[in-house]
Amino acid sequence: MKDYKLLFAVLTVAVVWGTTFLAIRVAVETIPAWFVAGIRQFLAAVIMFLILIYKKQFRWIGWQNLKLQIIFSILMLVIANGMTTVAEETVSSSLASLINAASPILVFLGSVAIGLQKFSYRALTGVLLCFSGILFIFWDGLKDLANPDYKMGIIFLFCAISGWASGTIFTKKLNIQTGNISLNLFYQFLFAGIVQIIFAFIFSDHYNFENWSIKSISAMIYLAVFGSVAAFFAFHYALTKISPVQVSIMAYVNTIIAIFLGWLILDENISAKFIIATVLIILGVFIINYKPEMFRKQKIE
C-alpha cells in the first residue's frame, strides 16, 4: 500500500478493535460492567457531538430515522457490546474474542433463513468448521459450566453475538442508506450510553466510585476514545478506499491480537485445544465470507 492514510486506517481497525477485549477485561476489574459500557458509549457520544458541532453538521435526524438508529443501538451497542462487557466479568478476554469471532455463523444462518443469502455447500463447510471450533473450546470445560457465574458469562456472550448478527441482518434486510454516518452514530452512542447507565444503577450490586482504580478508568476512556470513535472513523475511511470484504479480513486479525494480548498481559491460559479452536473458527468464518475480490486491488470511487 502506497496510501499511507489507508495503511494507518487499516492498522487502526486491526489493532484497536483487537485490543478492546483486553481493555474491557481491565476496566471491569474494579468498575461494574454496565457502568463501563454506558460511560464508554456516553463519552463517545460527547466526542462525536463536539466533532459534529466543529464541522457544523449537527442537526435533528427526524423521528423515522431516530427509530432506526435506536434499533441499531439496541442490537449493536446495548446487547452486543453491553453483554460482551458483562460477560468479561467472569470469562477471559481471549474466550470472549473467540466466541465473538463466530458471529458470522449466525449472520449466515439468519440470512439463509429469511432469503437474503443462498445456501451453498462451501458456506455449510465453514459453519461446520466454526461449530467444531466451539466444541473444542468447551471439550474440557463443560465442568466449568457448573459455576453459575461462568455459565451466565457464556450465556451473555451468545446473547451478544445474537444481537450483533440480528443488527447486521436488519441492516441488510432494509438496505438502509447510511446518510451522515457520524450524526447517526452520535444518536446511537447517546441512546446506548443512557440506557446502559440506567442498567448500571439497577443491576450493579455495588458501585462504590471510590474503589474504581485508575487503571480501570483509563481502560474505559481508551474504549470510548479509541475503541468506539477512532476505530469507527478508521473503518469508514478504509471503506472509501477498498471494498467491504477486504476490510472484513481485519476481523480475523482482531481475534488473534485479542488472544495474544490476553495471554501476554493478563496471563490467560491458552491451551493447544484453544489454539485449534481458534484456527477452526477463523478458517470457518473465512470460508463463509470468502469472495474472490477479497484479494484484488480495488478502489471504491
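Only heavy atoms go into these numbers, but all of them, side chains included; no hydrogens, no water, no symmetry mates.
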Can you check whether [Y]'s main-chain N or O pairs, donor with acceptor, with [X]'s side chain at less than 3.5 Å?
X	Y	answer
E88	A96	no
S73	Q69	no
N208	E210	no
R40	Y222	no

### Query
Under the side-chain contact (heavy atoms from CB on, under 4.5 Å) test, which residues partner F201, sequence neighbours left out?
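side-chain contact (heavy atoms from CB on, under 4.5 Å) check on F201 returns F35, I197, Y207, F209.
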Are any of the side-chain heavy atoms of [X] and [Y] separated by less than 4.5 Å?
X	Y	value
N211	T30	no
I39	I31	no
T20	L223	yes
F170	L68	yes
L52	F49	no
F203	V86	no
I51	S182	no
L95	F274	yes

Under a 4.5 Å side-chain heavy-atom rule over Ile, Leu, Val, Met, Phe, Trp and Tyr, are [X] and [Y] clustered together?
X	Y	answer
F8	L11	no
Y54	V225	no
F21	I282	no
I265	I214	no

### Query
Just checking, any donor-acceptor pair under 3.5 angstrom between side chains of Q188 and N184?
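On atom types as modelled, these side chains do not qualify, holding no pair under 3.5 Å.
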### Query
Going by distance alone, is a donor N or O of one side chain under 3.5 Å from an acceptor N or O of the other, for N81 and Q41?
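A donor-acceptor contact under 3.5 Å links the two side chains.
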Do you know the tightest heavy-atom contact between [X] and [Y]?
X	Y	value
V16	A231	CG1-CB, 3.9 Å
V91	R25	O-NH1, 3.1 Å
S204	P32	OG-CB, 3.4 Å
S93	G262	OG-CA, 3.8 Å
L129	G284	CB-CA, 3.8 Å
L190	A45	N-CB, 3.6 Å

If you measure from [atom1] on [X] to [atom2] on [Y], what distance do you get to the nearest 0.5 Å?
X	Y	atom1	atom2	value
E268	L261	CD	CG	10.0 Å
F156	T90	CZ	OG1	8.5 Å
I257	L264	CD1	CG	12.5 Å
W34	T85	CH2	OG1	7.5 Å
S228	I47	OG	CD1	8.5 Å
S92	Y150	OG	OH	7.5 Å

#### Entry: Step-by-step side chain to side chain contact (heavy atoms under 4.5 Å, CB included) determination, L183 to R59
CA-CA 8 Å; L183 190 61; R59 60 180 174 80; 3.5 Å; yes
If you count the non-hydrogen atoms of other residues, nucleotides and ligands that lie under 6.0 Å from [atom1] in [X], is the total more than 12?
X	atom1	value
W212	CH2	yes
W60	CH2	yes
W164	CH2	no

#### Entry: Test applied, side chain to side chain contact (heavy atoms under 4.5 Å, CB included); reference residue, C159; option that passes from I155, I161, L157
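The residue from I155, I161, L157 that satisfies side chain to side chain contact (heavy atoms under 4.5 Å, CB included) with C159 turns out to be I155.
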### Task
Take L106 and I169 through the test side chain to side chain contact (heavy atoms under 4.5 Å, CB included) and record every step on the way to the result.
CA-CA 9 Å; L106 297 184; I169 294 171; over 6 Å; no
### Message
Can you tell me how the ring of F58 sits relative to the ring of Y187, calling it parallel under 30°, perpendicular over 60° and tilted otherwise?
### Response
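Plane angle under 30°, so parallel.
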### Query
Between F42 and V46, is a side chain to side chain contact (heavy atoms under 4.5 Å, CB included) present by the stated rule, with each step listed?
CA-CA 6 Å; F42 189 80; V46 171; 4.0 Å; yes
### Query
Passes side chain to side chain contact (heavy atoms under 4.5 Å, CB included), F226 versus T12? Steps please.
CA-CA 9 Å; F226 294 97; T12 299; over 6 Å; no
### Sequence neighbours excluded, every pair satisfying salt bridge (Lys or Arg N to Asp or Glu O under 4.0 Å) that has a member inside residues 215-236
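Every pair satisfying salt bridge (Lys or Arg N to Asp or Glu O under 4.0 Å) with a residue in residues 215-236: E29-K215.
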